[in-house]
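See below for the structure under consideration.
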Amino acid sequence: MTAKYDPKEIESKWQRYWDEHKTFRVTEDPFRPKYYCLEMFPYPSGRIHMGHVRNYAMGDVVARYKTMRGHNVLHPMGWDAFGLPAENAAIDKGVPPAIWTHDNIAYMRDQLKKMGLSYDWDREITTCDPAYYKWNQWFFLKMYERGLACRRRSSVNWCVSCATILANEQVIDGQCWRCSSTVEQKELEQWFFKITDYAEELLTGCDKLTGWPERVLAMQRNWIGKSAGVEVDFPLADSDGSIRIFTTRPDTLYGATFMSLAPEHPFVESLITGTGTETEVRSFIERIRRQDRIIRTAADVEKEGVFTGRYAINPLTKENIPVWVANFVLMEYGTGAIMAVPAHDQRDFEFAKKYNLPMRVVIQNSKGTLSLETMPEAHIEEGRLVSSGQFSGLDSKIAIEKISEYIELQGIGKKTIYYKIRDWGISRQRYWGTPIPVVYCEKCGTVPVPESDLPVVLPRDVAFTGKGGSPLLQVREFIEVCCPSCGGTARRETDTMDTFVDSSWYFLRYSSPKTDNLPFDKQAVSYWMNVDQYIGGIEHAVLHLLYARFFTKVLRDLGLIDVDEPFKNLLTQGMVIKDGAKMSKSKGNVVDPDYLIGIYGADTARLFALFAAPPEKDLDWSDRGVEGAFRFLSRVYRKVAELSPYLNPELNPEAADIDLYKIKLLDEIGEAFPSDLKALRKAVHQTIKKVTEDIEVFHFNTAISFIMELVNNIYLIPVDGRTQDRSFLYVMREALDAVILLLSPFAPHISEEMWEMLGQKSSVTEVPWPIYCTEIAQEEERLIVIQINGKIRSKVTVPAGTPEEEIRKRALSDERIKGLIGDKIPKKVFVVQDKLVNIVI
RNA sequence: GCGAGAGUGGCGGAACUGGCAGACGCACUGGACUUAGGAUCCAGCGGGCAACCAUGGGGGUUCAACUCCCCCCUCUCGCACCA
């Protein structure tokens, strides 16, 4: 018979089945272990891409596998629906953002359904839905009450021509991405979430995230950027006041021979007044300020500076030291001023050499050979202190402690910890986002919108020009409000929230997406949280994953949830590469999932995406490889089609009692199988073991290869003349059942179909994951490698578990080995049970 | 510069805790079946005639190293004048 694998028909059939039977709907069930499997929700850009296919295929394997293992699995999907592209579409094509977004969602939802993903679609959420973003506003109010949301001036990228703010990624080589005019820095009032309050906990929490990839944790630690040191005041030499610096190396304080201030440092102007250096310093500062930020902060930029004409006093040496302004000192970090220790800091070293400033060695190397004359570069390592007064002779590590204490004792400074992480600026001068729930009243100032007035709904009828800032500025009905406090004239905030706010808590909303009196149901959250497995792209290693952690901690402190961390385990999948470059529209190397699924079906697309590379590595796209995946599925299908007339009880009444119970019975009564069937059974049980173990550690590629191997083994069993042979039917039934079930998380549609072809009445999703039998999987015989001096010279088969002494005898009596040893006496013989013998002669 | 990771056939990739390097797939070669095959099934497939040589290069530990240690090279990603 010719059975052709027709994915189109099969896939739509089973998608309909799952839909109608609500197969993937879940509710809390205290009697089953819960498992929360989550993939990062997509931005509804228009269509899904291969990265999504890969990401969601992985999540689906995990979810389906865990379900078959008896877990109550929450596997939801939704839409990260606010964001700039919707607004750009409005500007370019005149389609309102809401329409554009909802159309995209409808299309992409359909695409995801065509992939056969096991989502509980009843829990779908969309962040641009007022029922969702209302809670962004609610959280904002809660955080405002606690002082975790605050407003202050901050510098932003400003395009004069477009009269709008630009995100950092919209500034390309210092120019506006839209109109190419020069981008300036502008000070604006902005809303911030005080993530810095949680810097320490976010950092120490990294140590507990043992289920996260090390490189993601490294990136987060780096981003938080903790450094411990001291702040020290350097008094000015001939006037009142002092300059505060921050250093992590107080052990080098005696070597501070000058100071450098950031060009933006507020003291500079008063310092230079009356020194005669005004013109020179101001023009230097002006020139530096005009430089592009990115260029200016690049490490390879030439260090330059200018003398202010003033001196400060090194509080330990009491020497007068010159105060400079230097381009490499950043106002954003520390105090915006540094003590310069040229002998022990490479930047200060270069600076001092250039401007002929004094240097002093205060840290000596272990050989004591360090001298200014011979130093080619700064000696930045720790060492023994010299020329450091009472601290001379101490080791750097101890000196750091002692000098810090001394400074505190003298009242000239204190131990301080600095973090690189900045507060999270959430204001966006954009339309398509969550309105920030605040009004500005002439009398009362900043007034939060009362909870009862939430949500502040985005107006729908808005004009998009792309110019003149947020379109909301043109909507009078939106802006003009009464003050909730005094009833007077007030103006509504027109900025919207960063879309990262939306994604910082969506995983909680999935637990109870319909709850309307609170952001989520506390009971439901405490049942489902944490997310047991989170899967997504590495590009979110800091921003989203850090913000979500921050939100989780804030919500915990608000008493809304009980967990400290949102994501227990994290899998970051690699990119999809084609022709040596990341698959992307701009590179023109995309493979459209619709096209792929249209030709080969979703099962093939999924299987290939998982087979071609380990999950965390980049996947090299190969059209041939896709065909290979399709060929494999066809091959499985053909074998099932070939044997189903004999195995399906409806087609063959003889097969009615062929089930696994019977196989067990056969084992017990000791009926002997022909050797090829016995070998196949062994392979079946070994495969179940290996596939199970590999899925547990996300080695999907090797799991699939083991299933392929088993199918190859099944093909080697001759069928002709055995279709009425009970032992043949028993073993084939067991083998095909195993293949279908093991394959089902990867290729669910074809698995359902084949399951049905064999006469099964239930869906594979309801069948428990196959269990292997240790005794059957056990190899009875082992191939022992016999080496002489580490080189393989012979092989011998022995029963498994043969004692070492016996193996040794067998090896030494092997004909080939005897010939090679001759009359030499082995010096030593190593025996590894069940593995090898190495004879050293 | 710092941090994380990687380097294995023609290609994607396997190899547990040190114990037969190259599973599985792709490509290729041969055979079978066929009017036909770019379908399917079976077989072969690192290099070398061989002894042997092969996991980026060089040392080392070991009876035994893709695996452990030291040095070096290359690539990818992230951070980067952070005081």
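The shown structure was predicted, so the numbers you read here are calculated from the model rather than taken from an experiment.
An anti orientation is assigned to B:G37, its glycosidic angle lying beyond 90° of 0.
Put simply, the side chain of A:Lys420 and the base of B:C82 share no donor and acceptor less than 3.5 Å apart. In this model, a side-chain donor or acceptor of A:Asn838 finds a partner on the base of B:C63 within 3.5 Å. Below the 3.5 angstrom threshold, one finds no donor paired with an acceptor across the side chain of A:Lys827 and the base of B:C63.
How far CE of A:Met732 is from CZ of A:Arg722: 7.0 Å, rounded to the nearest 0.5 Å.
Taking 4.0 angstrom as the limit, A:Arg215 places none of its side-chain polar atoms (N or O) nearer than this to OP1 or OP2 of B:U76. An OP1 or OP2 oxygen of B:A27 is reached within less than 4.0 angstrom by a side-chain nitrogen or oxygen of A:Arg631.
Mapping A:Asp694 and A:Lys835 onto RNA chain B by nearest heavy atom places A:Asp694 at the nucleotide closer to the 5' end. Positionally, the nearest nucleotide of RNA chain B for A:Met219 lies more toward the 5' end than for the other of A:Glu350 and A:Met219.
In this structure, A:Lys420 is not positioned above the aromatic face of A:Tyr333 in the sense of NZ or CZ being under 6.0 Å from the six-membered ring centre and within 45° of the axis.
Tested against A:Val837, the residues A:Val785, A:Val829, A:Ile817, A:Val796 include a single side chain to side chain contact (heavy atoms under 4.5 Å, CB included) partner, A:Val829.
Under the 6.0 Å cut-off for aromatic ring centres, A:Tyr355 and A:Trp324 qualify, their centroids lying closer than that.
You can call A:Phe830 stacked on the base of B:C63; the centres are under 5.5 Å apart and the planes sit within 30°.
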